[in-house]
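Down below is the structure, laid out as structure tokens.
Residue numbers begin at 1 in each chain, while the letters A, B, ... track the order of the sequences.
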Protein chains: 2
Amino acid sequence: MTENKDDGEDRLGDILGFHIRLAHGAVYRHFTETFSDIDLTQKQVSVLWLVSEHPGLAQVELGRRLQMDRATTMTIVNRLEARGLLRRQASQSDRRKQAVFLTSGGVAALDEAKSCIVAHEAWLKRRFTPDEVKILVEMLARIHD
Amino acid sequence: MTENKDDGEDRLGDILGFHIRLAHGAVYRHFTETFSDIDLTQKQVSVLWLVSEHPGLAQVELGRRLQMDRATTMTIVNRLEARGLLRRQASQSDRRKQAVFLTSGGVAALDEAKSCIVAHEAWLKRRFTPDEVKILVEMLARIHD
DNA sequence: ACGGATTGTATGCTTCACTAACGAATAGGC
DNA sequence: GCCTATTCGTTAGTGAAGCATACAATCCGT
């Protein structure tokens with residue numbers, strides 16, 4: 001009998017976290033390749049998309065939904081603001097908060113990005129049946145929720 | 001009827017890549033928290049582990065298996081070598097290559113890291129049944145293979 | 001009105017991925 | 001064997017991103 005046969009954590013390939021990291025790396029790499037033309041990162045597209053779904057969202061809420069701390073959120077919003085894709089506006093209900101909105105350029109950039117996302121997602125999902133995609137998404141959501 | 005009901009890619013939460021990124025972020029965060037004491041990153045542990053499984057591995061092969069380019073592999077090997085956890089040695093079969101080995105300190109660090117991995121993996125896997133873990137690993141492998 | 005909590009901001013440090021270039025060594029075609 | 005192309009390690013530079021800390025303004029509960 002071999003030792004450590006019960007838990008199956010004696011080899012690197014048995015580590016779930018390792019596979020998540022590799023899968024993320026592969027997706028990240030294909031993403032940046034797909035988006036090299038329009039020069040947007042995963043984070044930046046996520047921010048644009050989320051602001052599009054929730055105009056006037058506060059930065060802290062943006063960070064919470066994308067699981068970034070305030071400092072990280074700042075740098076991303078700064079970059080997108082410098083590129084003219086979104087704008088800050090002091091919230092009227094709570095003057096501590098900065099409400100974030102897409103500019104017209106931001107809307108256009110997001111539209112362009114979404115068409116790239118379609119291609120990117122097709123590349124990713126071609127490995128799975130629609131049912132498998134549902135299962136995978138549900139499992140991943142268990143991890144990050 | 002709503003538009004875009006067919007493909008289900010009209011909302012950010014429908015994007016598979018988005019969930020992979022969030023899940024990776026959550027795992028990464030818990031990992032660094034678990035490993036704050038012994039001060040090793042995911043990448044560094046992966047390298048130590050892989051070298052342990054394949055002593056004398058060339059750097060380029062190390063990078064290939066962990067999906068890093070040569071430059072990135074360099075910086076990580078440099079750090080680990082500077083900390084005395086592994087050592088380089090010119091390969092005899094191919095003098096272009098640098099064979100990488102664990103030092104005794106590297107073996108000890110990996111042992112310590114593996115016990116942390118057990119706790120980390122337990123945190124991660126507590127969301128799933130053993131069968132679900134197998135399914136998830138298999139699906140993630142489809143992405144990064 | 002006071003004190004604690006929240007939010008944005010600024011600064012600095014670290015990890016990591018990528019590119020481009022270079023030299024050394026190897027492999028393949030002839 | 002020789003010339004060329006490729007591979008490997010290395011270095012340097014760029015950029016995104018995460019985290020910690022500190023500070024000021026604002027809000028809220030009491």
Among residues 84-99 of chain B, which residues get a heavy atom nearer than 4.0 Å to DNA chain D?
B:R88, B:R96, B:K97, B:Q98
Quickly work out the A:L62 CG to C:dT7 P distance and round it to whole Å.
13 Å
Identify each atom pair where a protein N or O and an N or O of nucleotides 14-17 of chain C are less than 3.5 Å apart, giving names and distance.
from, atom 1, to, atom 2, distance (Å)
C:dC16, OP1, B:T41, OG1, 2.7
C:dC16, OP2, B:R79, NH2, 3.2
C:dA17, OP1, B:K43, NZ, 2.9

Hey, are B:R142 and A:E132 close enough for a salt bridge, meaning a charged N less than 4.0 Å from a carboxylate O?
yes
Return the value, rounded to whole Å, for the distance between atom CE of B:M74 and atom P of C:dA21.
19 Å
Rounded to whole Å, CZ of B:R70 lies from P of C:dA24 at a distance of 16 Å
Does the side chain of A:F35 reach to within under 4.5 Å of the side chain of A:I117, using non-hydrogen atoms?
yes
Looking at every non-hydrogen atom in both residues, tell me the closest pair between B:N78 and B:R88 and how far apart they are.
OD1-NH2, 2.9 Å
Whole-Å distance, A:N78 CG to D:dG18 C1', equals 15 Å
B:T72 and B:D69 side chains, donor-acceptor separation under 3.5 Å
yes
What is the distance, to the nearest angstrom, from the CD atom on A:E61 to the C1' atom on C:dG8?
15 Å
Side-chain touch A:T41/A:Y28, heavy atoms, less than 4.5 angstrom
no
Less than 4.5 Å apart, side chain to side chain, heavy atoms only: is that true for A:L102 and A:L85?
no
How long is the line joining CZ of B:F31 and C1' of D:dG18, in whole Å?
15 Å
A:Q59 CD to D:dT26 P, in whole Å, measures 16 Å
Carboxylate-amine/guanidinium proximity below 4.0 Å for B:E81 and B:R87:
no
Using a strict cut-off of less than 4.0 Å between a Lys/Arg side-chain nitrogen and an Asp/Glu carboxylate oxygen, indicate whether A:K134 and A:E138 qualify as a salt bridge.
no
Nearest-Å distance, CG (A:L66) to P (D:dA16)?
17 Å
Side-chain contact test, heavy atoms from C-beta onward, threshold under 4.5 Å: evaluate it for A:R21 versus B:K43 and give yes or no.
yes
